[in-house]
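Below you'll find the structure, written out as structure tokens, and then a few comments.
None of these values were measured; they are calculated from a predicted model. If you read the sequence from its start, that first residue is 1, and numbering goes on from there.
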Amino acid sequence: MKQIDGGITAVLGVRAAGVHAGIKAAAAAKDVALIVTDTPAIAAGVLTKNSVTAAPVLVCREHLSDGHAQAVIVNSGNANACTGEVGMANAQRMAAATAEQLGIDANLVLVSSTGVIGQQLPMDTVENGIQAAANALSTEGGSDAAEAIMTTDTHPKSVAVEIEIGGASVRIGGIAKGSGMIAPDMATMLSYLTTDAKINAETLQMALNRVVDNTYNLLTVDTDRSTNDTVLILATGHADNAEIAAADGSDYEAFCEGLLFVCTELVKMLARDGEGATKLVEVVVTRAKNRDDAEKAARAVAESPLVKTAVFANDANWGRIMMAIGKSGAEFDPYQVDVYLADYQLVKDGMDAGYDEDKATALFAQDPVRITIDLRAGDTEITMWTCDYSYDYIRINADYRT
């Protein structure tokens, strides 16, 4: 596996663009992104489980039903959520306007929105942005698209790799956005993946589900699950590999490994760029009784405000970690728990391991911070990604609309 430049447009048969339309208040801020494949692609997605579901998510569900798509249109600055029949009509209008610009069927267009909830889209502005994005499409446009999907993110997030499948070179690229309202129950706020692998729709969906469960679904910033969470992948089939037609065998495993790498890197970028964050935090739970208990324990620690503020302050307050796993609902013996900061032991058999406070403080000051919790209750291991809570988290969210 080799990491390469170009993000989503490193993939054969993909063009993209990101333009300023004027949806965001900030002058010249890019706010419309367009991703297009040269021919209809195999498509798969995972979408929010939030009962308050944004209109574009509903459009995606419908348009993904046949496993094909050729374009993804995204606006930032407005979520088009809690907007009723008008919002639904506007999401469909976005698909139709994109299709008209590209000369394709509207059912081949997937739609996403992100930003403030409860406001109607300024459709004249959006449609002007769609036209501008269509005119700006380029095989070098992946970075512009990554920028255009941002809201409170401080920088764009993009990655691509080249892997070998059956002796053929295959590329996988991805972009993502998300800084707050991140605790996915399926995906992240928005992430778009591309590949030139030959793979059928059912197998692509199974691969995406598998990777999402081990990446985006193990990411949390602030416990809030978005109304717009979307992960989409388009497979152009331009690579020379034999079609991956089933969710087994070495070709499928190689594809999943490449997709896992791309999504893991994006998740780390998302966690590190959490609103007001100063550090990436990796919470590793080992020797849990089962997957459910491992995730319960890891999530309780990763989402604890007391743990996250202690990390921000470089405070080795391991009692907060024990508290969090204790409330998680996971099954374990408290006096069998060991806790490590990096490879340095803070807790042994559920009690103070006799650590040096200055050394622990110095380790908490590093980025990333890795907290490992050994439950000694089974053989399951899991990693979750989060960030610390700083003073700026309050400032950013208090000022989000004003």
Side-chain angles (χ1 to χ4, degrees), residues 17-27 29-36 43 45-66 69-134 145 148-152 177-178 180-181 184-192 224-232 397 400-402:
V19 300
H20 166 70
I23 303 167
K24 292 178 180 174
K30 293 183 176 69
D31 48 21
V32 172
L34 179 59
I35 306 164
V36 177
V46 268
L47 305 163
T48 185
K49 294 180 182 177
N50 195 318
S51 298
V52 180
T53 308
V57 174
L58 299 176
V59 171
C60 277
R61 284 179 182 161
E62 179 183 350
H63 289 192
L64 280 169
S65 61
D66 70 350
Q70 194 169 351
V72 182
I73 185 67
V74 190
N75 76 269
S76 58
N78 183 313
N80 193 10
C82 301
T83 48
E85 293 182 3
V86 173
M88 190 64 186
N90 286 339
Q92 293 166 336
R93 187 174 161 188
M94 285 179 66
T98 302
E100 183 178 358
Q101 289 294 322
L102 300 175
I104 63 175
D105 192 303
N107 288 328
L108 290 171
V109 180
L110 305 176
V111 182
S112 293
S113 299
T114 182
V116 177
I117 293 171
Q119 298 180 0
Q120 298 294 348
L121 282 168
M123 286 308 297
D124 288 346
T125 301
V126 171
E127 289 187 328
N128 288 337
I130 291 171
Q131 182 177 8
I149 65 176
M150 297 192 310
T151 48
T152 55
K177 65 81 50 182
M181 202 182 289
D185 194 20
M186 46 54 60
T188 184
M189 286 197 66
L190 298 178
S191 184
Y192 307 102
D224 287 328
R225 291 170 168 83
S226 172
T227 56
N228 293 57
D229 283 344
T230 298
V231 171
L232 301 172
N397 283 284
Y400 185 66
R401 292 202 313 147
T402 56

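With values rounded to the nearest 0.5 angstrom, S112 atom OG is found 8.5 Å from I35 atom CD1. With rounding to the nearest 0.5 angstrom, the OG1 atom of T98 is 12.0 Å from the CG atom of L108. With rounding to the nearest 0.5 Å, the separation of OG1 in T114 from CG in L190 is 5.0 Å. Atoms CG and CD, from N107 and Q70 in turn, are 12.5 Å apart once rounded to the nearest 0.5 Å. Distance check: L121 CG to N90 CG gives 5.5 Å after rounding to the nearest 0.5 Å.
A donor-acceptor pair under 3.5 Å is absent between the side-chain atoms of T83 and the main chain of Q120, judged by distance alone. N78 places a side-chain N or O within 3.5 Å of a backbone atom of Q119 that can act as its donor or acceptor partner. Looking only at distances, no side-chain donor or acceptor of Q131 sits under 3.5 Å from a matching main-chain atom of Q101. Without hydrogens or angle criteria, K24 side chain to K30 main chain gives a donor-acceptor distance under 3.5 Å. Using modelled atom types, one side-chain atom of D31 and one backbone atom of G22 make a donor-acceptor pair closer than 3.5 Å. Judged by distance alone, the side chain of H63 and the main-chain N or O of L110 form no donor-acceptor pair under 3.5 Å.
When every heavy atom of C60 is checked against every heavy atom of L232, the shortest pair comes out as SG-CD1, 4.2 Å. When every heavy atom of A54 is checked against every heavy atom of A79, the shortest pair comes out as CB-O, 3.9 Å. Closest of all the heavy-atom pairs between V109 and I104 is CG2-CD1, 4.0 Å. Of all non-hydrogen atoms in A148 and A33, the two that sit nearest each other are CB-CB, 3.9 Å. Here the closest non-hydrogen pair linking N75 and S113 is OD1-OG, 2.6 Å. For the residue pair G129 and A21, the shortest heavy atom distance occurs at CA-CB, 3.6 Å.
Checking each of T230, T53, D229 against L47 for a side chain to side chain contact (heavy atoms under 4.5 Å, CB included) leaves exactly one that passes, namely T230.
Side-chain N/O atoms of S76 and K177 include no donor and acceptor closer than 3.5 Å.
The shortest distance between side-chain heavy atoms of I130 and L34 does not fall below 4.5 Å.
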Please lay out, stage by stage, how M94 and V59 fare under the test side-chain contact (heavy atoms from CB on, under 4.5 Å). CA-CA 10 Å; M94 285 179 66; V59 171; over 6 Å; no
